[in-house]
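Worksheet: the structure to be examined is printed underneath.
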Amino acid sequence: MKDSLVTLKPHLAGLLHSIRLRLSLWFSLVLALILVLFSAFVYYRQTQDVRESSVARLLVRQRDLYGALVAASREQNTGTSWPPDSSVDFDLEYEEVFFLTDPAGQVSGMWGRIIIDQAEQVSAKMKALPPNRDSVRAISFRMDGRGEYLFLPTPLYGDNRLLGWMVLGQPADPLGQLPRLALTLVLGTAFTLIIALAGGYWLADRALRPVKTMARTAQAIEATGLNRRLEVQTRDELGELAATFNAMLDRLQAAFDRQRQFTADASHELRTPLTIIGLETDRALAAARSSEDYRRALHVIQSENAFMTHLVSELLTLARMDAGQVALKREPFDLSDLALEVAERFAALAANKGIRLQTGPLPELAVAGDRQYLSQMIANLVDNAIKYSPARDGQWVRVETAAGPDQSAEVRVIDNGPGIPAEHLPHLFNRFYRVDSARSHNVDEAGPAEQPPGSGLGLSIAQWIAHMHGGRITVESQPGQGTTFRVILPNDCRSI
Ligand code: ADP
């Protein structure tokens, strides 16, 4: 018993909080209100009808009895004495009552089942009515045990003076129509409401079934298994909700997938140098080596360390970007100044490789942006241009700026290096994407690597910086001829 109560309770609570029940209750409440108003209207109209037909009947009977009354008073005493006494027998219909009063309303004779008390009360009511001789004034009066009666008073005149009143009474509703109608209306209303409540609940249940399905599916979806989708195919509001929910799941899944891919790629990138360091130390320690061998091993370790340091700092930048923790510190400066500064920083590196680092036209370009991030963006592009150009004569890298259309500002990094095959261009800005899928850093047996090798993150970071400034990066490349990276910063980055 206790157990069943325990299981019943949450069920009951769920039912009470369910939209289905509330919907059907509200629906029934509104319907009840309409039905009550409608019933009241019907009942009121029927009351009027019954009263009107009763009055019509009374008028007919009034004429009959008036004739009988005149005849009786003539018969009794040649018309001078008024009123006829109660011994005169009038021909009354079933449940009909009849009494006479003097002009002051004093009861002077009664016929039918009526007592003096009742007749006097009716007479008092009659006197209380404002005088109006034109319209028919029926008086309703409740007779003990016999329900509502209608009394119709008629003034009696003789020799141009009021002799008294003839008051005729009949049951207001002789056929008992009104109680029957009331019962029918109450039963009809109750019956309709029960059906409406049950039907409303059923309808609401049917309409909201997809919500239940959606809730169940949503419960079954976990962060790790985001591949399930809601199956609401309808084109109504719920279908729209399901589609929105599914679209959100798509985005979440894509984000999770990206995250997973990112972690996997990052781990993979870090594992390679760690493995190389491990192998190199094992080899060095396996036997007594010459100092030259040790130097070489340390160079390898240094190079891998430089790669990892660079990679970790890039990963940190990406993590901050993803977390939305990066706030740009916008300040006004000359973009050409910045481009020149970056080019100067790379001059030694380029010279080392025999590459001519030139600066093209650098017109004054006032912009408002984060100087440090924009510097990193240009540096990544220049770094790539030098890194991927072969160390041979005639190689050059040029950095230039220009004012673009609509007040935009442009930085171009151009090289005549190996270029990038067209099929790689659409993926170039993806994280960890490298044209040469083998690791692009090779351990230089002869000495330390001159610069950290590529991790495939430089361009995605550069693109993110451009996006944060509302701008974009484009790339044009001809394999064998060279590559041009173009950063376009929109006019709201310009400070006039
Ligand atoms: P990485 O850190 O490996 O340089 P990036 O995202 O900066 O990664 O570049 C992605 C790839 O694009 C590089 O692996 C390289 O193959 C190619 N790339 C970038 N810039 C140039 C360039 N100026 N010339 C030729 N290839 C380039």
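Counting from 1, the numbers follow the sequence of the chain as shown. Note that ligands are numbered from 1 as they come in the structure, with each ligand's atoms numbered from 1 the same way.
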L457: numbered ligand 1 atoms lying under 4.0 Å from its heavy atoms = 2 (O), 6 (O), 8 (O)
Which ligand 1 atoms, with their elements, are less than 4.0 angstrom from a heavy-atom of G456?
-> 1 (P), 2 (O), 3 (O), 6 (O), 8 (O)
Shortest non-hydrogen separation from Y43 to T47 and the atoms involved | O-OG1, 2.5 Å
Give a yes/no on ligand 1: does G417 have at least one heavy atom closer than 4.0 angstrom to it?
-> no
Heavy-atom nearest pair, E269 first then P273, reads O-CD, 2.8 Å
Give the contacting part of V435 toward ligand 1: side chain, backbone, both or neither, where contact means a heavy-atom distance below 4.0 Å.
-> both
Answer yes or no: is there a donor N or O on one side and an acceptor on the other, between the side chain of N246 and the main chain of R229, under 3.5 Å?
-> no
With heavy atoms only and a cut-off of under 4.0 Å, state how L381 meets ligand 1: side chain, backbone, both or neither.
-> neither
Options L425, L459, T483, ranked by nearest heavy atom to atom 6 (O) of ligand 1, top entry = L459
Near R146 CZ, under 6.0 Å, is it more than 12 heavy atoms from other residues, nucleotides or ligands?
-> yes
Just jot down the ligand 1 atoms closer than 4.0 angstrom to any heavy atom of A385, in number order.
-> 23 (N)
Is a side-chain donor or acceptor of R398 paired with a backbone partner of Q358 at a separation under 3.5 angstrom?
-> no
Can a non-hydrogen atom of F485 be found less than 4.0 Å from any atom of ligand 1?
-> yes
With a 4.0 Å cut-off on heavy atoms, does K387 reach ligand 1?
-> yes
If you measure from CE on M468 to CG on L328, what distance do you get to the nearest 0.5 Å?
-> 4.0 Å
Provide the number and element of each atom of ligand 1 under 4.0 Å from a heavy atom of S455.
-> 1 (P), 2 (O), 3 (O)
For the side chain of S477 and the backbone of G419, is there at least one donor-acceptor N/O pair under 3.5 Å apart?
-> no
So, the side chain of D265 versus the backbone of F432: is there a donor-acceptor pair under 3.5 Å, distance only?
-> no
Determine whether any heavy atom of N380 lies closer than 4.0 Å to an atom of ligand 1.
-> no
From the options N384, I420, N430, select the one whose nearest heavy atom is closest to atom 27 (C) of ligand 1.
-> I420
Looking only at non-hydrogen atoms, find the nearest pair between D334 and E364 and report the distance.
-> OD2-CG, 3.4 Å
L428 heavy atoms within 4.0 Å reach ligand 1 at atoms 12 (O)
Below 3.5 angstrom, do we get any N/O pair linking Y433 and ligand 1?
-> no
